[in-house]
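Report on one structure; see the data block that follows.
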Amino acid sequence: MKMKTVALSLLLASGLSVSQLALADDYKLDIKGMHSFVQFRIQHLGYSWLYGRFNDFDGQFSYDEKAPEKASVNVSIKTTSVDSNHAERDKHLRGEDFLDVDKFPEATFKSTAYKPGSDGKASLEGELTLHGVTKPITLDVEEVGAGKDPWGGFRRGFIGTTTFALADFGIDYNLGPASKEVELTLSVEGIKQ
Amino acid sequence: MHSNQWLNTKDRFGRVSISLHWLMAVVLIGLYLLGLYMVDLGYYDPWYHDSLSIHKAVGILAAILLVIRYLWVRFQPRPMHLNPENSVNTLMAKAAHALLYLFMFVLMISGYLISTAKGQGIDVFGLFEFPALLADSAERGELAGDVHDWVATGFIVLVGLHTAASLLHHFVFKDNTLLRMLRVLKS
Ligand code: HEM
Ligand code: HEM
């Protein structure tokens, strides 16, 4: 009798937590249709902005409208796919002076906390691993929108931006005083699984 | 008797072969040294951009010379190797020359593929642009870069051996091998 109650309450408890988890929807980044972007920009000499992006990455996030603070996201990026629209510069960026893609083929971002603010803004804390160095960073996030798509799916998108010093990740090639920091933008659209 | 000084004969090099040999020797050794030097320049070095532009432009001109030289060698008589009775030396010389040509072609092609991996052509001193012919591929560009690095090293080692061999001929074997590459000898 006693055993049964314990078993029942365990079952209930686990059932509960399962249903709670199930409330948070899982989304995969739309990589096939490429509605997700990993962009960066950095000052050139202090006179202009240079834009680049990573073409090959993947990731997913989970999000529950009723409990957005539980949202989490994972992104992994193939560093060889860096693209600044210039063959020789890209080669230099892949090399030892910058990304050193032979040694560090992957960069990852794993969120640790999501703090919703007002009017669709939020801050997303997480660990960025780049060039073999893992450091906490915070992205300023905007919830762009969510809803049914015309092809029978459900989509949700965010854009998050952060700025960090390249030297914090052990990339210390001298690009000049105006170009010590890079701005990273994750613009993602997830399809509900 | 008075054979044309510009053309090769069975026993000596003519002016065209000799000029191409030495012009290209200077240019290619220069390209190698410039290559090593330029990849270590910092972004704020005034030579950062120009050194690569020069390396590429001279590289394209050298590639054009290489094609002309190769055709010239194919359609001209090849002076006989001296001391053909020493077949090991002759064989080594033949192998070295063939390998030198191969490495030169590989260097030109790989260099070209590094620079054109994103569809940008190569500007040759503002005179003309050598276009990118293949579809974009960052991977091919990266591979070409590795090949270019390794073959440049192999090439310069081979040039060293080739030079040593020519000095050996001149000072030890005391034959005309080096002299007939320096000037047109009387038949
Ligand atoms: C015989 C001819 C050539 C020689 C000996 C040569 C030699 C070199 C060397 C030694 C390097 C430095 C490699 C390193 O240490 O990373 C280099 C780099 C380079 N070469 Fe050449 N090269 C030749 C022809 C060419 C041609 C024809 C082109 C293009 C049209 C070219 C384009 C390049 C480029 C773009 C780099 C820079 C690679 C990088 O960003 O790391 N080269 N070359
Ligand atoms: C980048 C440097 C060099 C390259 C690529 C090169 C390449 C060649 C090639 C391909 C040949 C065969 C003849 C031909 O097809 O033109 C040749 C012949 C010759 N080279 Fe060079 N060479 C270089 C530098 C030198 C140097 C520095 C020396 C001497 C100091 C030298 C001495 C000779 C001699 C004596 C011959 C004639 C060999 C014979 O009679 O069979 N070369 N070289």
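By convention in this document, chain letters (A, B, ...) are assigned in the order of the sequence lines, proteins followed by strands, and residues within each chain are numbered from 1. Scope of the values below: all heavy atoms of this structure, side chains included, with no hydrogens, waters or symmetry mates.
In this structure, the separation between CG on B:Asp136 and CG on A:Asp83 is 9.0 Å, given to the nearest 0.5 Å. Remark: B:His49 NE2 to A:Glu88 CD distance equals 10.5 Å, nearest 0.5 Å. One finds the NE2 atom of A:His92 at 4.5 Å from the OH atom of B:Tyr48 (value rounded to the nearest 0.5 Å). The line from OH of B:Tyr44 to CG of A:Leu45 is 4.5 Å long, rounded to the nearest 0.5 Å.
Along residues 160-177 of chain A, the residues that come nearer than 4.5 angstrom to chain B, judged on non-hydrogen atoms, are A:Tyr173, A:Asn174, A:Leu175, A:Gly176, A:Pro177 in order of number.
Connectivity analysis of hydrophobic side chains (ILVMFWY, heavy atoms under 4.5 Å, direct or indirect) links A:Tyr51 to A:Trp49. Taking Ile, Leu, Val, Met, Phe, Trp and Tyr as hydrophobic and joining them when side-chain heavy atoms fall under 4.5 Å apart, one finds B:Met38 in a cluster with B:Val39, B:Leu52.
Both the backbone and the side chain of A:His86 come within contact range of chain B, each with at least one heavy atom under 4.5 Å from a heavy atom of that chain. Proximity to chain A is limited to the side chain of B:Gln120, based on heavy atoms less than 4.5 angstrom apart. There is no contact between A:Asn55 and chain B, counting heavy-atom distances below 4.5 Å.
Residues A:Thr80 and B:Glu142 have side chains not in contact (no heavy-atom distance under 4.5 Å, counting atoms from C-beta outward).
When the shell of 6.0 Å around CD of A:Glu96 is examined, it contains 12 or fewer heavy atoms from other residues, nucleotides or ligands. Sparse packing is recorded around CG of A:Asn85, with 12 or fewer heavy atoms of other residues, nucleotides or ligands lying under 6.0 Å away.
Residues that satisfy the side chain to side chain contact (heavy atoms under 4.5 Å, CB included) test with B:Ala57, not counting sequence neighbours, are B:Val124, B:Phe125.
Minimum heavy-atom separation, B:Ser115 to A:Ala87: O-CB, 3.9 Å.
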